[in-house]
Amino acid sequence: MNREWRSDPDAEKILRDIATLPFIVGSINLKEVDWGESANNCARLSDPLNKEKIEDYATCMNNGDVFPRIVVEIKKKSYVILGGNQRCAALKSIDPTSDVECYIVDPLTSGEREIVIRSLNSRHGWGSTKEERVEHAVYLVRKFGMHVDTVAKAMVVGQSTINLRIRAEDERANLAKQGVDSSAIARGALASIANIPDESTKVRIAKIAVEKHATGDAISEVANAVSKAKSKANAASIIADFSKNLDAV
C-alpha cells in the first residue's frame, strides 16, 4: 500500500539552517533500515521507543493520516533513522516491507549526527521536557564545543539557560575540589557564587549556605552583594550578616 507523506518544516529547518547539511527527498524500504543502530541513538534520556506512541501512530496510519517524512543517514549497506523511530516502528508493525518517504543525508560526523538526532527528537514523537532539552544542549556544548547560540536554536532553549547550567555545574565541581558538597545548593545560586572572583570567599559562602540550609534566593542575594563589594572588609561584613541572619531564622 502506497502511503502519503508530507513535508516537515521543522526537519528542513534543522538540516538546512542549524546543522547546515545538504539533503534530498527520496524513498527507502523498511527492509533497508538498520533497526539496531536506529533505536540505539542519543535522542532520548530514557527508552528510545515508546510502545504506546507507536500503537497510536499505527492506528492513525491505518486511518489514513498523513505523517511527516522521516530523516535518515546513508550508511554503506543500510540507512539509519535520525528522526522518526516511532513513525517507522508503527509502519513496520503494519507492513515490514513498506516504503517510507524521507529526507536523506550523506554520512555525518559524530557532532552533526548528535545535534540532528537530539534536535529532531525534541520536536517529534512525545517530545522532550525542557530539562531534557537543556541536558542535551549542555552535552553538545561540552562534548563537541558547539556554539551556545547554535545549540540553543537546535534544542529550543534560551542561551542564558544553557550558560547558567554550565556555570553552575562548573562551580559545583570546583567546590567539590575544595571539600564542599554543594548538592543541596540550587543551580541558580551556584551560578551566582561562580561570579565571585575570590576563591576563598566562594568556599566560605558555600560552606555557610550548606551548614545553615540557606535558600537559593538567600545565597544568590549574598553572592551578588559580595560580587559588588568595594573592599574585602565590605565583603566580609556582608558574609557575616548573611550567617547571622541564617542563625536567626
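Hydrophobic clustering places Leu108 together with Leu120 (ILVMFWY residues linked when any side-chain heavy atoms are closer than 4.5 Å, directly or through intermediates). Linking ILVMFWY side-chain heavy atoms closer than 4.5 Å, directly or via other members, places Leu164 and Ile196 in two distinct hydrophobic clusters. When hydrophobic clusters are built by joining Ile, Leu, Val, Met, Phe, Trp and Tyr residues whose side-chain heavy atoms come closer than 4.5 Å, directly or via intermediates, Trp5 is grouped together with Ile24. No single ILVMFWY cluster, assembled from side-chain heavy atoms under 4.5 Å apart, contains both Val25 and Val80. Hydrophobic clustering (side-chain heavy atoms under 4.5 Å, transitive across Ile, Leu, Val, Met, Phe, Trp, Tyr) keeps Val156 apart from Val148.
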**OP:** Take Ser78 and Glu32 through the test side chain to side chain contact (heavy atoms under 4.5 Å, CB included) and record every step on the way to the result.
**Re:** CA-CA 5 Å; Ser78 63; Glu32 300 177 277; 5.7 Å; no

**OP:** Take Cys102 and Val71, measure what side chain to side chain contact (heavy atoms under 4.5 Å, CB included) needs, and give me the verdict at the end.
**Re:** CA-CA 5 Å; Cys102 49; Val71 180; over 6 Å; no

**OP:** Give the intermediate values and the outcome of side-chain hydrogen bond (donor to acceptor under 3.5 Å, both in side chains) for residues Asp56 and Gln86.
**Re:** CA-CA 10 Å; Asp56 287 346; Gln86 318 303 317; over 6 Å; no

Subject >> From CA spacing to verdict: side chain to side chain contact (heavy atoms under 4.5 Å, CB included), Tyr79, Ser38 >> reply: CA-CA 8 Å; Tyr79 294 90; Ser38 295; over 6 Å; no

**OP:** Go through the steps for Trp35 and Cys88 under the test side chain to side chain contact (heavy atoms under 4.5 Å, CB included), then give the verdict.
**Re:** CA-CA 10 Å; Trp35 293 99; Cys88 284; 3.8 Å; yes

**OP:** Applying side-chain hydrogen bond (donor to acceptor under 3.5 Å, both in side chains), run through Ser200 and Asp198 and close with a yes or a no.
**Re:** CA-CA 6 Å; Ser200 62; Asp198 183 69; 2.5 Å; yes

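Between Asp170 and the options Lys177, Arg165, Arg142, a salt bridge (Lys or Arg N to Asp or Glu O under 4.0 Å) holds for only Arg142. Each of Asn195, Leu190, Ile162 was evaluated against Arg167; a single residue qualifies, Asn195, per the side-chain contact (heavy atoms from CB on, under 4.5 Å) test.
With Asn121 contributing its side chain and Ile117 its backbone, the two residues share a donor-acceptor pair below 3.5 Å. Looking at Ser237, its side chain never comes within 3.5 Å of a backbone N or O of Ala233 through a donor-acceptor pair. Between the Glu55 side chain and the Glu52 main chain, no donor and acceptor come within less than 3.5 Å of each other. Here the side chain of Glu112 pairs a donor or acceptor atom with the backbone of Thr109 at under 3.5 angstrom. For the pair Ser98 (side chain) and Ile94 (backbone), a donor-acceptor distance under 3.5 Å is absent.
Counting all heavy atoms, side chain and backbone alike, Asp181 lies closest to Val210 at O-CG2, 3.6 Å. Counting all heavy atoms, side chain and backbone alike, Pro68 lies closest to Ser7 at CB-O, 4.3 Å. Here the closest heavy-atom approach between residue Val222 and residue Ile205 is recorded as CG1-CG2, 4.0 Å. Ala90 approaches Ala58 most closely through the heavy-atom pair CB-N, 3.6 Å. Scanning both residues, Val116 and Ala19, for their nearest heavy atoms gives CG2-CB, 3.8 Å. Listed here is the closest heavy atom pair of Ile185 and Ala206: CD1-O, 4.2 Å.
No side-chain heavy atom of Val72 sits less than 4.5 Å from a side-chain heavy atom of Leu82. In this structure, Val105 and Pro22 have side chains that are not in contact, with every pair of non-hydrogen atoms separated by 4.5 Å or more. Using a 4.5 Å cut-off on side-chain heavy atoms (C-beta onward), Arg16 and Phe23 make contact. For the pair Met155 and Val134, the minimum side-chain heavy-atom distance is 4.5 Å or more. Residues Arg6 and Phe67 have side chains not in contact (no heavy-atom distance under 4.5 Å, counting atoms from C-beta outward). Counting only heavy atoms from C-beta outward, the side chains of Asp8 and Tyr103 approach each other to under 4.5 Å. Under the 4.5 Å side-chain criterion, counting only non-hydrogen atoms from C-beta, Ser231 is in contact with Asn234. Inter-residue side-chain proximity for Val100 and Ser27 is flagged as unmet; no heavy-atom pair is nearer than 4.5 Å.
Ser243 and Lys212 share a donor-acceptor pair across their side chains, judged by distance under 3.5 Å alone. Side-chain contact annotation: Asp95 with Thr97, donor-acceptor N/O pair under 3.5 Å present.
Taking CD1 of Ile115 as the start and CG of Leu15 as the end, the distance is 11.0 Å to the nearest 0.5 Å. Interatomic distance, Lys153 NZ to Ser119 OG, rounded to the nearest 0.5 Å: 12.0 Å. Taken from CD1 in Ile208 to NZ in Lys244, the straight-line distance is 11.5 Å, to the nearest 0.5 Å. The distance from atom CD1 of Ile166 to atom CZ of Arg187, rounded to the nearest 0.5 Å, is 12.0 Å. With rounding to the nearest 0.5 Å, the separation of CZ in Arg133 from NE2 in His136 is 10.0 Å. Once rounded to the nearest 0.5 Å, the distance linking CZ of Arg69 with CD1 of Ile104 reads 10.5 Å.
Heavy-atom neighbours of Lys130 NZ from other residues, nucleotides or ligands within 6.0 Å: at or below the threshold of 12. Summarising the local packing, CD of Gln159 is surrounded by more than 12 heavy atoms from other residues, nucleotides or ligands at distances under 6.0 Å.
Ion pair Glu211/Lys207 not flagged as a salt bridge, since none of the NZ, NE, NH1 or NH2 atoms sits closer than 4.0 Å to an Asp/Glu carboxylate oxygen. A salt bridge links Glu171 to Lys202: one of the charged nitrogens lies within less than 4.0 Å of a carboxylate oxygen. The pair Glu73-Lys75 counts as a salt bridge, with a side-chain nitrogen and a carboxylate oxygen less than 4.0 angstrom apart.
With sequence neighbours left out, the side chain to side chain donor-acceptor pair (under 3.5 Å) criterion links Thr20 to no other residue.
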